[in-house]
**Q** 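Following this message is one structure expressed as structure tokens.
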Amino acid sequence: MKNLYDKINEAVEAIREKTEMVPEVGIILGTGLGNLAQEIDDETVIYCTDIPHFASSTVKSHKGNLIVGKLSGKTVAVMEGRFHFYEGYSLQEITFPIRILKELGVKTLIITNAAGGMNAQYEKGEIVLITDHINSTGFNPLVGIDDDRLGLRFPDMSCPYDEKLIALAEKTAAKEGIKTKRGVYLWVTGPSLETKAEYKFMHSIGADLVGMSTVPEVIVAVQAGLKIVGISCVTDLCIPDNLKPVNIEEIIKTAEMAGPKIDALIKALIKKM
Ligand code: HPA
């Protein structure tokens with residue numbers, strides 16, 4: 001059976017046959033936030049089905065395609081969407097794109113998501129820069145992976161999100177007239193949303209945001225030695241004493257409405273990096 005390292009190299013070889021560009025920035029686009037992919041110039045689109053060992057999306061969308069090209073004068077690799085644990089993918093499949101980005105040459109990862117906001121200061125559609133995270137699931141994408149070539153067995157997690165890049169993102173957003181806040185993101189598996197008691201609990205242990213992604217990818221990105229910027233879009237307010245029912249269509253709609261702000265921030269940030 002092939003090990004993960006060999007699989008990564010086979011996938012990277014297949015990508016290299018399609019493009020010789022070496023991306024320095026990797027971008028993962030979250031739910032409803034995929035439009036930035038259309039702004040990549042000189043692009044090569046690599047369909048997930050053409051990448052060996054890549055999970056292929058069961059959903060009819062562009063999800064899972066990898067685009068390599070130019071954005072704000074830098075070479076970037078963009079994952080148009082991502083794979084989620086609630087869809088039945090393994091954590092190794094979900095985080096495989098991060099391993100690929102690293103091998104392609106990426107040094108900095110920009111990762112976006114749609115999230116519920118538990119901090120009473122947040123507004124719907126607001127952009128929050130992730131300062132830290134809580135893995136509430138009990139699952140870890142590094143379980144069973146013991147290969148020095150992929151990074152440390154016990155990666156340090158004292159500072160997964162790059163403080164300098166958070167500050168730069170804040171400054172850049174302010175210049176662009178985009179309001180941002182900071183927050184701690186908590187990962188749940190989904191797909192059910194949370195009860196009032198759960199939101200209350202999650203907020204009480206220090207989380208400002210809750211969502212069904214990002215943390216497994218960030219754990220692997222830390223192991224891979226990437227610098228990370230996490231950007232959440234608050235798609236629904238999860239204040240237990242004033243909780244309104246929410247559905248996925250509304251979450252996607254709010255993310256799509258906030259999308260242009262996040263796109264503008266990412267483009268301006270890349271220029272400054
Ligand atoms: N909970 C979990 N995931 C989410 C939410 C939420 O309230 N909103 C967007 N993604």
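Both ligands and their constituent atoms are indexed starting at 1 by order of listing. Because the structure is predicted, anything quoted here is derived from the model rather than measured. In this chain, numbering begins with 1 at the start of the sequence shown.
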**Q** Any donor-acceptor pair under 3.5 Å linking the side chain of N135 with the backbone of F139?
**A** yes
**Q** Where does the angle between the aromatic ring planes of H53 and F96 fall among parallel (under 30°), tilted (30 to 60°) and perpendicular (over 60°)?
**A** perpendicular
**Q** Side chains of T214 and N113: donor-acceptor distance under 3.5 Å anywhere?
**A** yes
**Q** Roughly how far, to the nearest 0.5 Å, is OH of Y185 from CE of M202?
**A** 10.5 Å
**Q** N or O contacts of ligand 1 with protein under 3.5 Å, please list pair by pair.
**A**
residue  : atom  : partner : partner atom : Å
ligand 1 : 1 (N) : E194    : OE1          : 2.6
ligand 1 : 7 (O) : Y199    : OH           : 2.8
ligand 1 : 7 (O) : D236    : OD2          : 2.9
ligand 1 : 8 (N) : G116    : N            : 3.2
ligand 1 : 8 (N) : D236    : OD1          : 2.7

**Q** Do T75 and K70 get their side chains close enough for a donor-acceptor pair, meaning under 3.5 Å?
**A** yes
**Q** Is there a side-chain contact between K200 and E194, using heavy atoms and a 4.5 Å cut-off?
**A** no
